[in-house]
Amino acid sequence: MNRDLSISQVARQLQIRRESVRQLIEHGWLEAYDAAPPDARRRAYRISEQALHAYKESRKVRKQLLTRRRSQKQPVTEYF
């Protein structure tokens, strides 16, 4: 069963602030749609479980790449 999550629910799952979730959406890292009525003052984003899962998977890949880069020994150049 697929259900859509609110920003608060996603923030709780990712253990980040709601504002951070909004930034992820606005920067295109997390896919969401606006469920607010046309005359609403504020957007009411909803995130599908599939979109949240895709975001979590992309974070795993980025984390692995960063870990690999850090673990590679850099050549030491001595100047004396």
Checklist entry - Can you name the closest pair of heavy atoms from Ala35 and Arg46 and give their distance? => result CB-CG, 3.7 Å
Next on the checklist: Does Arg43 have more than 12 heavy atoms from other residues, nucleotides or ligands lying within 6.0 Å of its CZ?
Outcome noted: no
Checklist outcome for this item: What one should report as the nearest heavy-atom pair of Arg18 and Ser8 is CD-OG, 3.1 Å
Checklist entry - Taking 4.0 angstrom as the limit, do Glu19 and Arg22 come out as a salt bridge? => result no
Checklist outcome for this item: Members sharing Ile47's hydrophobic cluster, built from side-chain contacts under 4.5 Å between Ile, Leu, Val, Met, Phe, Trp and Tyr, are Leu5, Ile7, Val10, Leu14, Ile16, Val21, Leu24, Ile25, Trp29, Leu30, Tyr45, Leu52, Tyr55
Checklist entry - Does Gln15 have any side chain to side chain donor-acceptor pair (under 3.5 Å) partners at least two apart in sequence or in another chain, and if so, which? => result none
Checklist entry - What is the minimum heavy-atom distance between Ala36 and Ala44, and which atoms define it? => result CB-N, 3.7 Å
Checklist entry - What salt bridge (Lys or Arg N to Asp or Glu O under 4.0 Å) pairs are there with at least one residue in residues 27-42, not counting sequence neighbours? => result none
Checklist entry - NZ/Lys60 to CD/Glu57 distance, rounded to the nearest 0.5 angstrom? => result 4.0 Å
